[in-house]
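The structure appears below as structure tokens.
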Amino acid sequence: MKNLTYFFAALILNLSLFSCSVEEDSAVSNNYNTEHIIVEYNQIDYEIVELINAYRISKHLNPLNILNEASKEAIVHNQYMIDQGTPSHDYFHQRSQNLINTVDAKSVSENIGFGFSGAESVVSAWLNSNGHKQNIEDPEVTDVGISTKQDENGKNYFTNIFVKL
């Protein structure tokens with residue numbers, strides 16, 4: 001019985017360490033405002049969208065349009081992750097709610113990444129992860145927001161936000 005208790009305690013600890021958490025904190029950072037964000041895409045952003053769309057087409061799914069409002073949310077989230085020094089889904093609820101309010105989004109999901117050298121490596125990693133792959137393959141999704149940003153050490157942070165309009 002004692003061994004079974006230790007097993008469940010270890011299982012719960014492992015699940016908390018590896019689960020993707022969404023912080024629903026109502027005290028959203030004041031810096032989490034997309035109102036004055038200017039959207040500019042870099043080459044990696046375009047390559048990521050191109051790879052995702054090529055994959056979706058190969059699965060007989062519609063390609064996604066780039067949605068600037070979703071990219072604004074992605075840009076702000078990448079800066080947040082860089083400021084925190086760690087990849088996270090913190091404040092996803094706020095990003096989702098912002099898109100519901102601004103573009104009447106029906107559903108919102110996101111993929112994040114950290115440290116990958118380029119578009120092919122991050123998209124490959126997402127396609128090899130069930131949850132991330134489900135977001136890419138969602139037949140209801142119509143649009144995507146994208147941001148890739150490097151921290152001061154040259155490490156890439158990636159945020160993709162998938163939206164159904």
Side-chain angles (χ1 to χ4, degrees), residues 19-57 59-116 118-119 121-123 125-127 129-152 155-165:
S19 66
C20 175
S21 66
V22 176
E23 189 169 320
E24 304 266 351
D25 190 352
S26 61
V28 176
S29 167
N30 290 333
N31 297 330
Y32 230 84
N33 182 337
T34 61
E35 188 175 328
H36 302 292
I37 298 296
I38 297 170
V39 177
E40 294 178 1
Y41 299 102
N42 61 40
Q43 187 63 32
I44 295 175
D45 295 333
Y46 287 121
E47 290 172 7
I48 289 170
V49 174
E50 186 176 304
L51 289 167
I52 288 173
N53 279 337
Y55 177 81
R56 286 179 58 87
I57 290 167
K59 298 295 183 185
H60 307 289
L61 299 167
N62 292 328
L64 304 176
N65 303 304
I66 296 176
L67 181 65
N68 284 345
E69 289 300 320
S71 294
K72 287 180 179 183
E73 298 293 334
I75 289 166
V76 170
H77 186 60
N78 268 348
Q79 188 58 56
Y80 170 82
M81 292 191 296
I82 288 170
D83 292 345
Q84 298 301 306
T86 187
S88 75
H89 289 283
D90 291 355
Y91 305 114
F92 172 75
H93 176 75
Q94 183 65 46
R95 289 187 294 289
S96 179
Q97 191 60 53
N98 289 349
L99 290 166
I100 290 168
N101 294 342
T102 60
V103 298
D104 197 29
K106 307 298 183 235
S107 68
V108 179
S109 59
E110 79 178 4
N111 288 351
I112 61 157
F114 165 76
F116 295 95
S121 58
V122 73
V123 172
W126 286 334
L127 291 174
S129 164
N130 287 336
H132 296 100
K133 185 176 182 178
Q134 285 176 343
N135 290 340
I136 291 171
E137 290 182 345
D138 185 342
E140 300 293 316
V141 170
T142 57
D143 296 82
V144 64
I146 180 74
S147 174
T148 305
K149 184 164 175 135
Q150 284 189 348
D151 67 10
E152 61 191 25
K155 296 284 186 184
N156 287 320
Y157 285 78
F158 302 89
T159 301
N160 259 15
I161 299 180
F162 300 92
V163 180
K164 175 187 175 188
L165 293 181

Checklist entry - OG1 of T102 to CG of L67: how many Å apart, nearest 0.5 Å? => result 7.5 Å
Item to check | Candidate pair N101 and Q97, rule side chain to side chain donor-acceptor pair (under 3.5 Å), full reasoning | outcome: CA-CA 6 Å; N101 294 342; Q97 191 60 53; 3.1 Å; yes
Checklist entry - In this structure, are over 12 heavy atoms from other groups packed under 6.0 Å from Q84 atom CD? => result yes
Next on the checklist: Using 0.5 Å steps for rounding, measure from the OG1 atom of T148 to the CD1 atom of I75.
Outcome noted: 10.0 Å
Checklist entry - Do the side chain of H77 and the main chain of S88 share a donor and acceptor less than 3.5 angstrom apart? => result yes
Next on the checklist: Check this for me, if you would: do K59 and E137 make a salt bridge, where the nitrogen-to-carboxylate-oxygen distance has to be below 4.0 angstrom?
Outcome noted: no
Item to check | Closest approach of I112 to H132 (non-hydrogen atoms, all atoms of both residues) | outcome: O-NE2, 4.1 Å
Next on the checklist: For T142 and N62: C-alpha separation, side-chain torsions, deciding distance, then whether side chain to side chain contact (heavy atoms under 4.5 Å, CB included) applies.
Outcome noted: CA-CA 8 Å; T142 57; N62 292 328; over 6 Å; no
Checklist entry - Which distance, rounded to the nearest 0.5 Å, do you find between the CG of L99 and the NZ of K72? => result 10.5 Å
Next on the checklist: I need the minimum non-hydrogen distance between V163 and L165, along with the two atoms involved.
Outcome noted: CG1-CD2, 3.7 Å
Checklist entry - Does any N or O in the side chain of N78 come within less than 3.5 Å of the main-chain N or O of S147, such that one atom is a donor and the other an acceptor? => result yes
Next on the checklist: Which heavy atom of Y41 sits nearest to which heavy atom of D45, and what is that distance?
Outcome noted: CA-OD2, 3.5 Å
Checklist entry - With S71, which of I66, T159, D143 fulfils side-chain contact (heavy atoms from CB on, under 4.5 Å)? => result I66
Next on the checklist: Please check if the number of heavy atoms outside N130 that lie under 6.0 Å from its CG is greater than 12.
Outcome noted: no
Checklist entry - Rounded to the nearest 0.5 Å, what separation is found between the CD1 atom of I48 and the CH2 atom of W126? => result 5.0 Å
Checklist entry - Do you know which two heavy atoms are closest between K133 and L127, and how far apart they sit? => result CD-O, 3.3 Å
Next on the checklist: For the CD atom of Q150 and the CD1 atom of I44, what is their distance to the nearest 0.5 Å?
Outcome noted: 6.5 Å
Checklist entry - Do the side chain of D151 and the main chain of I82 share a donor and acceptor less than 3.5 angstrom apart? => result no
Checklist entry - What's the spacing between I146 CD1 and Y46 OH if we round to 0.5 Å? => result 11.0 Å
Next on the checklist: If I compare all heavy atoms of F158 with all of M81, which pair ends up nearest, and what's the gap?
Outcome noted: O-CE, 3.9 Å
Item to check | Distance-only donor-acceptor check, side chains Q94 and N98, under 3.5 Å | outcome: yes
Checklist entry - Looking only at heavy atoms, which two atoms of F92 and E110 are closest? And how far apart? => result CD1-CD, 3.4 Å
